[in-house]
Each structure stands twice: as structure tokens, then as C-alpha cells.
Colleague: 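One structure, pasted below without further comment.
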Amino acid sequence: AAFATAVTFMGYGVAVVPFSYVISFAFKHHTSAQVLVLVFNFVTGLLLMVTSYILSVIESTKDVNESLMWIYRIFPGFGLGN
């Protein structure tokens, strides 16, 4: 279990670095880019996990959740939590 956890965290780091690099070009100052990318990763990971859970619990929205999971997986925070 420890090896699988270590691989998951390393994979998250490998996914977040290029994602953050691409988003940082939208900002003039590196500090504001760093703070916003951190908040963005935290919020998208948390909100998408909660949304996915709620959609999977409700019987009539399970198919919608299955389709949206492909979009959610673009965000590294969701991939780590999923």
C-alpha cells in the first residue's frame, strides 16, 4: 500500500507541474500566478470530487456522472482524489 501511495503522489506532482506552468502564462506576476494556481487546484479537486460523489449517489444522474468523469480527469486534483 505504501508503494501505491508513493506512486500516486509522484504522479500527481508530475501532472501538476506542467498544468501550473501552462496556467502561469496568463499572469504578469509569478506570485499571483502561484497563489491562484494553488487555490484553483484545491477548489477544482474538492468541488469536482463532491460533485462526482453526489451525481453517483443519485440514481437518475449516474449516467451523467459517467460522461462527466472524462472531463473531470483533466484536473489533477480530481485525479488524485478519485
Side-chain angles (χ1 to χ4, degrees):
F3 179 72
T5 303
V7 169
T8 301
F9 284 128
M10 287 190 311
Y12 177 73
V14 170
V16 167
V17 170
F19 188 74
S20 300
Y21 179 73
V22 169
I23 291 176
S24 71
F25 285 110
F27 300 94
K28 292 181 182 178
H29 303 288
H30 63 88
T31 53
S32 60
Q34 183 178 6
V35 169
L36 191 69
V37 166
L38 177 68
V39 170
F40 177 77
N41 283 330
F42 179 74
V43 169
T44 56
L46 180 66
L47 289 179
L48 292 178
M49 282 301 301
V50 170
T51 303
S52 176
Y53 175 73
I54 291 171
L55 289 175
S56 68
V57 170
I58 301 170
E59 191 64 37
S60 62
T61 59
K62 283 188 177 184
D63 292 334
V64 174
N65 188 40
E66 296 277 330
S67 299
L68 289 175
M69 291 280 279
W70 292 101
I71 297 169
Y72 296 163
R73 289 182 180 135
I74 295 170
F75 301 103
F78 178 80
L80 179 65
N82 190 21

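Heads up: numbering here begins at 1 and tracks the sequence. Just so you know, these numbers use all the heavy atoms, side chains as well, and skip hydrogens, waters and symmetry mates. These figures come from a predicted structure and were not determined experimentally.
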Colleague: I'd like a table of donor-acceptor pairs (distance under 3.5 Å, sequence neighbours excluded) in which one partner is a side-chain atom from residues 9-16, with atom names and distances.
Modeller:
none

Colleague: I'd like a table of donor-acceptor pairs (distance under 3.5 Å, sequence neighbours excluded) in which one partner is a side-chain atom from residues 1-8, with atom names and distances.
Modeller:
{"from": "T5", "atom 1": "OG1", "to": "A1", "atom 2": "O", "distance (Å)": "2.9"}
{"from": "T8", "atom 1": "OG1", "to": "A4", "atom 2": "O", "distance (Å)": "2.8"}

Colleague: I need the full list of side chain to side chain donor-acceptor pair (under 3.5 Å) pairs touching residues 34-49, with sequence neighbours left out, sorted by first then second residue.
Modeller: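 For residues 34-49: none.
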Colleague: Please list, one pair per line, the donor and acceptor atoms closer than 3.5 Å that link side chains of residues 63-80 to other protein atoms, with sequence neighbours excluded.
Modeller:
{"from": "N65", "atom 1": "OD1", "to": "S52", "atom 2": "OG", "distance (Å)": "3.3"}
{"from": "N65", "atom 1": "ND2", "to": "S52", "atom 2": "O", "distance (Å)": "3.3"}
{"from": "S67", "atom 1": "OG", "to": "D63", "atom 2": "O", "distance (Å)": "3.3"}

Colleague: Same hydrophobic cluster for L38 and V35, using side-chain heavy-atom links shorter than 4.5 Å among ILVMFWY?
Modeller: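 No, separate clusters.
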Colleague: Pairs in or reaching into residues 31-60: which pass salt bridge (charged side-chain N to carboxylate O under 4.0 Å, His left out), with residues at least two apart or in two chains?
Modeller: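 As it turns out, the salt bridge (charged side-chain N to carboxylate O under 4.0 Å, His left out) pairs with a partner in residues 31-60, which skip direct neighbours, are E59-K62.
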Colleague: Which pairs with one or both residues in residues 15-31 pass side chain to side chain donor-acceptor pair (under 3.5 Å), sequence neighbours excluded?
Modeller: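 Counting only pairs at least two positions apart or across chains, no side chain to side chain donor-acceptor pair (under 3.5 Å) contact touches residues 15-31.
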Colleague: Who are the side-chain contact (heavy atoms from CB on, under 4.5 Å) partners of L36, not counting sequence neighbours?
Modeller: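 L36 satisfies side-chain contact (heavy atoms from CB on, under 4.5 Å) with F27 only.
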Colleague: Tell me, please, which residues at least two apart from Y53 pass side-chain contact (heavy atoms from CB on, under 4.5 Å).
Modeller: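 Here the qualifying residues are S56, V57.
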